[in-house]
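The block underneath contains the structure these notes are about, expressed in structure tokens.
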Protein chains: 2
Amino acid sequence: MTATDATPPIRLLLCDDHAVVRAGLLALLSSTAGIEVVGEAGSGEEALAMAARVRPDVVLMDLQLGDGMDGVEATRRLASGTGPTPPQEPAPRVLVLTMFDTDADIARAIEAGATGYLLKAERPEELFAAIRNAAAGRTALSAPVADRLMAQMRTPRPTLSERERDILQQLARGLGNREIARALFISEATVKTHLGRIYGKLGVDTRAGAVAVATGRRLLG
Amino acid sequence: MTATDATPPIRLLLCDDHAVVRAGLLALLSSTAGIEVVGEAGSGEEALAMAARVRPDVVLMDLQLGDGMDGVEATRRLASGTGPTPPQEPAPRVLVLTMFDTDADIARAIEAGATGYLLKAERPEELFAAIRNAAAGRTALSAPVADRLMAQMRTPRPTLSERERDILQQLARGLGNREIARALFISEATVKTHLGRIYGKLGVDTRAGAVAVATGRRLLG
DNA sequence: GGCGGGGTCAACCGATCGGATGATGCGGAG
DNA sequence: CTCCGCATCATCCGATCGGTTGACCCCGCC
């Protein structure tokens with residue numbers, strides 16, 4: 001509404017695996033002053049290729065991307081400029097737009113280099129503001145996300161090691177200890193040891209409970 | 001493009017718990033000829049109240065609606081005209097627009113009276129066509145959904161009884177047999193009997209496996 | 001070099017689970 | 001009325017799991 005047309009529009013790339021949602025965002029953002037949607041992608045791979053071509057200022061990235069590369073990995077490559085064409089001059093800012101405000105998702109996205117993290121449940125105005133902030137290099141977190149981050153800093157969760165996550169993943173497939181052992185090429189005893197530590201860290205005492213907590217915290221791939 | 005403006009526009013009500021997605025759909029559909037968005041709702045309760053007021057021709061309904069009433073229940077009440085104001089003259093057509101094409105979701109939605117079922121991954125043109133079909137009372141299923149329906153008819157899955165789903169739900173919380181028994185006010189022996197049948201129906205032989213298959217088929221609340 | 005965290009493994013034991021069998025009551029379909 | 005599916009319960013037994021303890025190795029850090 002105000003006279004902000006002096007600056008060139010923000011070049012935006014959409015990445016979401018749901019075509020209808022993507023089309024909706026396109027329609028929504030195209031009619032927003034100061035923003036120009038320069039591309040759409042339905043997968044992480046597409047986003048990387050498209051970004052290398054159109055060089056957007058900001059990538060609006062969903063974390064859940066169906067089959068192929070997940071949003072975190074796509075974010076990592078985009079933000080680090082490690083695209084298919086190696087020397088990505090100005091790495092685009094990645095703004096994560098997703099449905100979940102889980103600790104694990106937030107942490108992974110930020111660690112991967114996201115400039116912002118906001119929720120699809122947020123008001124559209126927040127989205128516009130976040131895009132502008134991201135374009136300017138400012139961090140953009142929506143309120144619930146910021147809350148969770150602060151809470152996480154105050155009471156740091158015991159973090160699962162990579163191996164423990166491996167175990168947990170097999171566990172969530174419903175495998176028994178012996179099968180997990182075979183799947184990961186370790187002994188059954190080791191599996192039990194890991195499971196013991198996992199129980200401790202997740203605050204449960206049964207394997208089904210571990211699966212429940214893990215799915216709740218979205219610790220699984 | 002063609003001269004179809006002779007008929008009045010289709011009055012549409014959006015129901016999706018994610019404000020950004022809703023705004024996107026609004027922007028997308030508002031610019032579509034023959035469709036008029038007459039309301040938005042962010043929850044099932046809101047959708048019911050809003051539908052009673054604005055009397056839409058079609059309700060575009062997401063199945064996953066956060067905390068309150070779920071999309072299936074909202075669909076059931078809308079389609080049966082069992083709103084807050086009992087005698088709902090012409091019950092609106094409900095077109096389900098969701099992310100998942102799971103057998104369980106499809107079956108529940110159709111059973112609840114949905115006129116159509118399509119996926120957010122579908123092309124926007126499919127959405128427009130489906131809305132027009134729904135308004136005319138024609139069933140609108142997107143291709144993958146129709147495929148699954150046919151496959152389900154050909155090889156009918158053994159369906160879990162309600163009680164078995166109760167057991168499964170407790171199981172997915174990580175409870176042991178004794179705890180499940182207490183939670184459902186039955187004996188431990190009964191729990192085991194149910195579990196045995198559940199294993200058979202799901203084709204697994206461990207409790208963790210049952211949880212895995214159940215989550216995969218989205219059999220849990 | 002010491003120290004600690006992460007990963008690996010073994011052996012043990014009590015509790016639990018899985019599976020089978022048999023039985024009862026109840027409701028709806030034929 | 002009879003049959004059948006569903007839910008309920010009991011009993012038994014072998015297999016498995018959970019929890020613990022103790023141990024070893026490797027690697028990075030101080």
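Since the model is a prediction, treat every value here as computed from it, not as a measurement. Labels below follow one simple rule: chain letters A, B, ... track the order of the sequence lines, proteins then strands, and each chain is numbered from 1.
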[atom1] of [X] versus [atom2] of [N]: gap in Å, rounded?
X	N	atom1	atom2	answer
A/Leu195	C/dG7	CG	P	13 Å
A/Arg197	D/dG18	CZ	C1'	15 Å
B/His194	D/dC9	NE2	C1'	10 Å
A/Leu202	D/dG18	CG	P	13 Å

>> Listing request: all salt bridge (charged side-chain N to carboxylate O under 4.0 Å, His left out) pairs with a residue in residues 57-69 of chain B, at least two apart in sequence or in separate chains.
In response: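 As it turns out, the salt bridge (charged side-chain N to carboxylate O under 4.0 Å, His left out) pairs with a partner in residues 57-69 of chain B, which skip direct neighbours, are B/Asp62-B/Lys120.
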>> Tell me whether A/Asp105 is salt-bridged to A/Arg218, with the criterion being a basic N under 4.0 Å from an acidic carboxylate O.
In response: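 Result for this pair is yes, salt bridge flagged.
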>> In the structure I gave you, are the side-chain heavy atoms of A/Leu29 and A/Leu12 within less than 4.5 Å of one another anywhere?
In response: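 Yes. Closest side-chain heavy atoms under 4.5 Å.
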Check side chain to side chain donor-acceptor pair (under 3.5 Å) between [X] and all other residues, then give those that pass, not counting sequence neighbours.
X	answer
B/Glu164	B/Ser161, B/Lys201
B/Arg173	B/Gln170
B/Ser142	B/Glu122
A/Asp147	none

> Closest nucleotide of DNA chain D for B/Ala189 versus for B/Glu162: which of these residues is on the 5' side?
Replying inline: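 Between the two, 5'-proximity favours B/Glu162.
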>> If you assign each of B/Glu188 and B/Glu164 to its closest nucleotide in DNA chain D, which residue comes earlier from the 5' end?
In response: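 So the residue in question is B/Glu164.
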>> Counting only side-chain nitrogens and oxygens, does A/Arg163 get under 4.0 Å of the OP1 or OP2 atom of C/dT8?
In response: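 Yes, A/Arg163 has a side-chain N/O under 4.0 Å of OP1/OP2 on C/dT8.
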Closest nucleotide among [options] to the [X] side chain:
X	options	answer
A/Ser161	C/dT8, C/dG18, C/dG6	C/dG6
A/Thr190	C/dT8, D/dC9, D/dG18	C/dT8
B/Arg207	D/dC17, C/dC17, C/dC9	C/dC17

> Once you build an axis from the first five pairs and another from the last five of the helix from C/dG1-D/dC30 to C/dG30-D/dC1, how far apart in angle are they, to 10 degrees?
Replying inline: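 Taking five pairs per end, the axes differ by 40°.
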>> The criterion is side chain to side chain contact (heavy atoms under 4.5 Å, CB included); which residues satisfy it with A/Ala210, sequence neighbours excluded?
In response: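 Residues passing side chain to side chain contact (heavy atoms under 4.5 Å, CB included) with A/Ala210: A/Leu168, A/Leu171, A/Tyr199, A/Leu202, A/Val204.
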> Can you list every pair that meets side-chain hydrogen bond (donor to acceptor under 3.5 Å, both in side chains) and has a residue in residues 175-188 of chain B, with sequence neighbours left out?
Replying inline: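 For residues 175-188 of chain B: B/Asn177-B/Arg207, B/Ser187-B/Thr190.
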> Mind checking what makes salt bridge (Lys or Arg N to Asp or Glu O under 4.0 Å) contact with A/Arg138, not counting sequence neighbours?
Replying inline: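 For A/Arg138, no residue satisfies salt bridge (Lys or Arg N to Asp or Glu O under 4.0 Å) once neighbours in sequence are set aside.
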>> Counting only heavy atoms and a strict 4.0 angstrom limit, can you tell me which residues of residues 172-185 of chain B come near DNA chain C?
In response: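 B/Gly176, B/Asn177, B/Arg178 - these, ordered by number, are the residues of the stretch whose heavy atoms sit under 4.0 Å from the strand.
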> If the sugar-phosphate is the primed atoms plus P, OP1 and OP2 and the base is the rest, what is the B/S/- string for nucleotides 19-30 of chain C, using protein heavy atoms under 4.0 Å?
Replying inline: B-----------
Taking only distance into account, with no hydrogens and no angle test, what donor-acceptor pairs under 3.5 Å do side-chain atoms of residues 111-119 of chain A form with protein atoms, sequence neighbours excluded?
| residue | atom | partner | partner atom | Å |
| --- | --- | --- | --- | --- |
| A/Glu111 | OE1 | A/Arg76 | NH1 | 3.4 |
| A/Glu111 | OE2 | A/Arg76 | NH1 | 3.0 |
| A/Tyr117 | OH | A/Phe100 | O | 2.7 |

